[in-house]
Amino acid sequence: MVTCNARQTEESVCTNKRKREEVTPQDRGDDRLCTSVKRARYPRYRKQSLELKSCDSGVCDLYETPSPSPTSVTPRPAACDLCPKISDRLGLQNFRDYGEECYQFKKGLEKKYLAAHCMANQPQLRPESRCKLVSWLIPVHRHFNLGFESLCLTVSILDRFLSCTPVAIDCFQLVGVTSLLIACKQVETRPPRVKQLLALCCNNFSREQLCNLECIILLKLQFQLSAPTINFFLQHFSLQQLTDEEPSELDLCEASKSLALAKGIAELSLADYAFNAYPPSLMAACCLALAKRMLRQESSTSRQDSGYPDGELQECMTKIDLLVSLNKNSLQRLLPSDLPEVAMEVDN
């Protein structure tokens, strides 16, 4: 079991890392710098608990999160910047040439990376614990202005690690931020710094603990991190509707709006353990179909293109409908401001 208090066995994984010795001005014989050199300290902020308010669906309030340091975290972007824009004509042409091959490749990897029922072998954790952690990670990834792919990959790494390694309750938050760091190193050009992530945890953990846990997660997952995510399949199904002919500006605008709403619905589903067993391609097809219905757009064929039987599609859609109806306020907060008001009453 991975704990934060007893790490003797885990620390042996990273024995090749030497602890840096701190050299003070006195050791160098330079007394003039003794008064000017000071160790940088992170200010402590009010500690906030992860015990958040839950809805009936098991999704926590997505905006109750520890306040990060204003000098260490990039300000949250404007809501309009979060709306994906499908307007790159060159990207559409590349999708026409290689999109189907990429889809078949990612589709073939789903079973390998799917960590269904990952909480079954956790003696100290419950599905509610996972819900609270992921609900906390969603606004954290927005504070750093990270992409949706980073969040999806974070949850994938977290679930895969939980499926093979027992985790102590006092170390669960550290597992979450470490998974976020690993995911950002895969897809972001400027991942968050370690001290920024530790500040979000109210400095309850040390840099050494995070680095040791990073080694453990990578070894447990055998450095296999290229898991297919909901974000990839959402992009694929959205672009798939624009390849029959040269799309107009209206078609591009509608595809962008439905994709933005589908991503908001998908973010809600990431925090709900009830959707843990569904493959990402199935979740993406259902989220996009529901988004189009809520925006009063023409019905899409993405659900049929996903290759799943109607019974499985209908079961997943019913659960997503319930999720949206129980979390109307949370969904509105996840959507960009330039997206028009959508009808939250969804009917099958």
Side-chain angles (χ1 to χ4, degrees), residues 62 81-88 91-92 94-96 98-110 113-114 134 138 141-142 146-156 159 183 186-188 226-243 247 251-272 275-276 278-295 297-308 312-313 316-317 319-321 323-324 327 331 334-336 338-339 342 346:
L62 301 177
D81 297 334
L82 300 175
C83 182
K85 305 297 182 183
I86 303 178
S87 59
D88 186 2
L92 290 175
N94 290 335
F95 177 80
R96 295 187 183 101
Y98 309 107
E100 186 61 28
E101 288 77 6
C102 293
Y103 171 76
Q104 294 298 335
F105 175 74
K106 292 285 188 179
K107 191 76 162 52
L109 295 177
E110 277 190 304
Y113 290 97
L114 183 62
V134 177
I138 290 176
H141 106 280
R142 287 174 173 249
L146 304 175
F148 184 52
E149 176 70 14
S150 299
L151 178 63
C152 295
L153 190 57
T154 298
V155 177
S156 174
D159 288 346
Q186 301 300 308
V187 298
E188 299 288 343
S226 302
T229 62
I230 299 178
N231 179 66
F232 169 81
F233 292 108
L234 282 176
Q235 295 280 354
H236 175 84
F237 293 138
S238 298
L239 294 173
Q240 195 176 42
Q241 306 163 27
L242 305 172
T243 55
D251 294 334
L252 294 174
C253 182
E254 289 187 351
S256 298
K257 291 178 180 179
S258 61
L259 178 58
L261 179 55
K263 285 187 175 183
I265 299 173
E267 283 192 38
L268 288 179
S269 68
L270 289 176
D272 197 320
F275 300 97
N276 171 261
Y278 291 111
S281 60
L282 174 61
M283 290 296 304
C286 294
C287 289
L288 189 59
L290 179 60
K292 284 185 167 294
R293 192 168 74 221
M294 296 171 65
L295 291 172
Q297 297 180 4
E298 295 183 0
S299 60
S300 168
T301 59
S302 60
R303 289 202 294 172
Q304 287 72 22
D305 293 339
S306 62
Y308 292 98
E312 193 170 356
L313 288 167
C316 184
M317 281 290 297
K319 292 184 179 181
I320 296 179
D321 288 347
L323 175 74
V324 172
N327 297 272
L331 179 59
L334 294 174
L335 300 180
D338 57 352
L339 193 67
V342 294
V346 291

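Just the heavy atoms: all of them, side chains too, but no hydrogens, waters or symmetry mates, feed the values below.
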**Request:** Anything under 30° is parallel, anything over 60° is perpendicular, the rest tilted; go ahead and classify Tyr278 against Phe275.
**Result:** tilted
**Request:** Mind checking the CD-CG spacing from Glu267 to Leu151? Nearest 0.5 Å is all I need.
**Result:** 5.5 Å
**Prompt:** Which heavy atom of Ala260 sits nearest a heavy atom of Leu335, and at what distance?
**Reply:** O-CD2, 4.0 Å
**Prompt:** Measuring from Leu259:CG to Asn231:CG, what's the distance to the nearest 0.5 Å?
**Reply:** 8.0 Å
**Request:** Apply side-chain contact (heavy atoms from CB on, under 4.5 Å) to the pair Cys316 and Ile320, showing each step before the final yes or no.
**Result:** CA-CA 6 Å; Cys316 184; Ile320 296 179; 3.9 Å; yes
**Prompt:** Any idea which heavy atoms bring Ser281 and Phe237 closest together, and the distance?
**Reply:** O-CE1, 3.6 Å
**Asked** Counting N and O atoms only, with roles assigned by atom type, does the side chain of Ser156 sit under 3.5 Å from a partner on the main chain of Leu153, one being a donor and the other an acceptor?
**Response** no
**Request:** Specify whether Tyr103 and Phe233 have parallel, tilted or perpendicular ring planes, treating 30° as the upper limit for parallel and 60° as the lower limit for perpendicular.
**Result:** perpendicular
**Item:** Distance in Å, Gln235 CD paired with Glu149 CD, rounded so as to fall on 0.5 Å steps
**Value:** 9.0 Å
**Request:** Search all heavy atoms of Leu334 against all heavy atoms of Arg142 and return the closest pair with its distance.
**Result:** O-NH2, 2.9 Å
**Message:** With side-chain hydrogen bond (donor to acceptor under 3.5 Å, both in side chains) as the test, pick out the partner of Gln104 among Lys106, Glu100, Lys107.
**Reply:** Glu100
**Message:** Could you go through Lys263 and Ile230, starting from their C-alpha distance and side-chain angles, then the distance that decides it, and tell me whether this counts as side-chain contact (heavy atoms from CB on, under 4.5 Å)?
**Reply:** CA-CA 9 Å; Lys263 285 187 175 183; Ile230 299 178; over 6 Å; no
**Request:** For Leu270 and Cys152, run side-chain contact (heavy atoms from CB on, under 4.5 Å): C-alpha distance rounded to whole Å, both residues' side-chain angles, the deciding distance at 0.1 Å, then the answer.
**Result:** CA-CA 8 Å; Leu270 289 176; Cys152 295; 4.2 Å; yes
**Intermediate values then yes/no, side-chain contact (heavy atoms from CB on, under 4.5 Å), His141 and Thr154** = CA-CA 10 Å; His141 106 280; Thr154 298; over 6 Å; no
**Asked** Taking C-beta and beyond as the side chain, do Met283 and Leu234 meet within less than 4.5 Å on heavy atoms?
**Response** no
**Request:** For residues Ile265 and Leu331, report the shortest heavy-atom separation together with the two atoms involved.
**Result:** N-CD1, 3.7 Å
**Message:** Treating Glu188 as the side-chain partner and Ser150 as the backbone partner, does any N or O pair qualify as donor plus acceptor under 3.5 Å?
**Reply:** no
**Fill in**
Between Pro279 and Glu110 the two heavy atoms that sit nearest each other are CB-OE2, 3.5 Å
**Message:** Under a 3.5 Å distance rule, please check whether Ser258 uses its side chain to pair with a backbone N or O of Glu254 as donor and acceptor.
**Reply:** yes
**Message:** Do Met317 and Arg293 make a side-chain contact, defined as non-hydrogen atoms from C-beta onward lying under 4.5 Å apart?
**Reply:** yes
**Asked** Under a 4.5 Å cut-off applied to non-hydrogen side-chain atoms, are Thr229 and Pro280 in contact?
**Response** no
